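Everything on this sheet refers to the single structure shown next.
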Amino acid sequence: MTNDILGHQYIGGARSAQGAASFRSIAAASGETHPVPFHEASDAEVDAAAAAAAAAYPAYRQLLPEQRATFLDAIAEELDALGDDFIGEVMRETGLPAARLQGERTRTSNQMRLFAKVLRRGDFLGARIDTALPERQPPRPDVRQCKIGIGPVAIFGASNFPLAFSVAGGDTAAALAAGCPVVVKAHAGHLITSERVADAVQRAVQRCAMPPGVFNMIYGGNVGARLVQAPQIKAVGFTGSLRGGRALCDLAAARAEPIPVFAEMSSVNPIILLPEALQDRGEAIAKDLAASVTMGAGQLCTNPGLLVGVRSAQLSHFIECLQKAMEVQPAQTMLNAGMLSNYYGGVDRLSTLSGVAVLVSGGADEAKARPHFFKAEQSLLFAAGAPLEEEVFGAATVVVELDSREALLQFARAMGGQLTATLMAEPADLRAHRDLIECLEQKAGRLLVNGTPTGVEVCEAMVHGGPYPATSDARGTSVGTLAIDRFLRPICYQNYPDELLPPALQGRNPLGLVRLVNGEQRRGAI
């Protein structure tokens with residue numbers, strides 16, 4: 001039920017509404033507004049949220065991994081308990097179908113459980129021990145290293161995943177697992193959704209007797225800059241546009257104490273169509289790509305926005321098949337009016353480029369996102385400003401026929417960083433294009449052979465990141481268990497008494513970890 005929605009900030013376990021009641025939840029499909037007003041966080045409330053997170057940090061980071069794991073499990077249980085009325089409200093705010101949202105809720109709770117597993121396993125601590133060698137000349141001191149949470153983290157809810165990349169999404173799960181309290185900035189596109197999820201997290205905080213400032217959430221369109229600049233904040237997690245991510249990076253770098261921003265920003269996720277694959281199954285590839293481009297109205301960061309191949313009869317046939325497949329794809333409701341406007345702005349930009357032909361424009365329904373398919377001349381792939389690599393967030397893609405294999409390799413060397421790069425290939429294609437594969441390894445965070453990049457598995461080995469402009473820091477990932485490393489830092493203890501060491505480094509090994517001891521992996525006591 002939504003009659004308990006307040007539209008107030010969550011600060012240190014309490015609710016606050018000092019700012020103006022300036023905005024409301026809007027239904028994605030109808031544009032109708034919800035009657036409950038939401039309050040923009042005042043400057044004082046933003047500062048208070050950051051201070052509450054900082055106050056919680058000393059106690060929270062000292063908790064045993066099992067205690068934090070129990071907390072994450074409790075959050076997962078509270079998320080799973082959100083009922084059909086909750087799914088209905090998320091549908092109203094986002095226009096996403098029930099089945100998609102039910103799956104996303106499961107993914108969100110499973111992310112919490114996966115990080116709880118990481119905590120219980122303990123390898124995230126990176127325990128290393130070099131015992132003293134007093135008889136060596138010069139003597140070696142006792143040196144021990146592990147990882148601790150970096151401090152309070154500011155997290156920006158994403159527009160396209162109201163659950164899995166939002167209030168209790170992957171960034172929040174990774175930060176809480178690392179021992180870092182969070183301050184979440186709720187996304188304006190799903191305000192009631194955010195409040196219901198925040199309530200679930202708060203119930204878990206109370207169940208597990210966590211420090212009250214371990215979770216905080218604020219509303220507002222003008223609060224992000226102040227949050228990033230709050231001195232208590234030590235890192236930022238963001239999923240959104242290149243413009244927004246760059247702005248946060250610049251703000252963080254300009255602080256008296258610069259802090260890292262882990263921003264996922266922009267990617268066209270190129271699909272490279274190789275000849276043997278097109279010869280053997282071009283029609284099937286076209287069918288799969290049409291479904292991938294239009295999945296969720298194209299509102300996925302791994303949406304394939306650029307298709308390239310060397311000119312051939314088989315590529316021409318593939319383009320014809322994809323055109324037919326795209327023509328029958330329906331228009332869809334986007335997450336909000338701003339997203340729809342940006343989408344049509346992007347397709348208009350492509351449509352007016354010299355050297356671009358519009359193959360599919362999806363009819364005349366301006367209230368929904370119509371699928372678009374473009375064909376561009378090769379020269380545009382190498383034009384100044386890389387106009388074909390500017391992401392159009394929605395159900396649109398561009399195909400380019402290249403003159404030669406050399407041009408394909410030239411493109412791979414010149415293109416910007418991507419979340420994904422996919423080869424549609426047979427074994428003979430792969431053997432013939434090893435130089436291309438080596439180049440793609442330098443350009444993307446996830447390399448696929450066949451299949452489509454939409455659909456990001458939450459697992460231990462996943463990388464959802466990549467070189468700029470895909471992300472602001474290619475060394476991390478926002479999906480998968482490696483995501484915890486973004487919010488950890490190493491710390492070293494030299495000649496410390498055993499009882500003062502963190503449990504991960506104590507001689508008796510109370511956590512039962514596999515540790516690197518004098519250069520060898522060991523599980524026992526030392």
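All of these numbers come straight from a predicted model, not from anything done at the bench.
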For residues His372 and Tyr344, determine if any side-chain heavy atom of one lies less than 4.5 Å from a side-chain heavy atom of the other. yes
Quick check: Phe115 with Phe124 (ring centres under 6.0 Å apart)? no
Note: Lys324-Glu327 ion pair, threshold 4.0 Å (strictly below): no
Are Arg113 and Asp80 ion-paired here, with the side-chain N under 4.0 Å from a carboxylate O? yes
Scan residues 95-105 for pairs that pass side-chain hydrogen bond (donor to acceptor under 3.5 Å, both in side chains), counting only residues two or more places apart or in two chains. Arg100-Glu104
Salt bridge or not between Arg246 and Asp250? Use side-chain N to carboxylate O under 4.0 Å. yes
Knowing that exactly one of His34, Glu93, Glu32 qualifies, which makes a side chain to side chain donor-acceptor pair (under 3.5 Å) with Ser25? Glu93
Any donor-acceptor pair under 3.5 Å linking the side chain of Thr108 with the backbone of Gly169? no
Closest non-hydrogen contact found for Leu350 with Pro387 is CD2-O, 4.4 Å
Drop me the distance from Gln442's CD to Arg413's CZ, to the nearest 0.5 angstrom. 12.0 Å
Dump the intermediate steps for side-chain contact (heavy atoms from CB on, under 4.5 Å) on Thr239 and Phe161, then the final yes or no. CA-CA 10 Å; Thr239 298; Phe161 280 86; over 6 Å; no
Can we say Arg475 and Asp485 salt-bridge, meaning some charged N sits less than 4.0 Å from an Asp/Glu carboxylate O? no
I'd like to check Glu78 versus Gln202 (side-chain heavy atoms, cut-off strictly below 4.5 Å). Are they in contact? no
Donor-acceptor contact present, side-chain Asp171 to main-chain Ser478, <3.5 Å: no
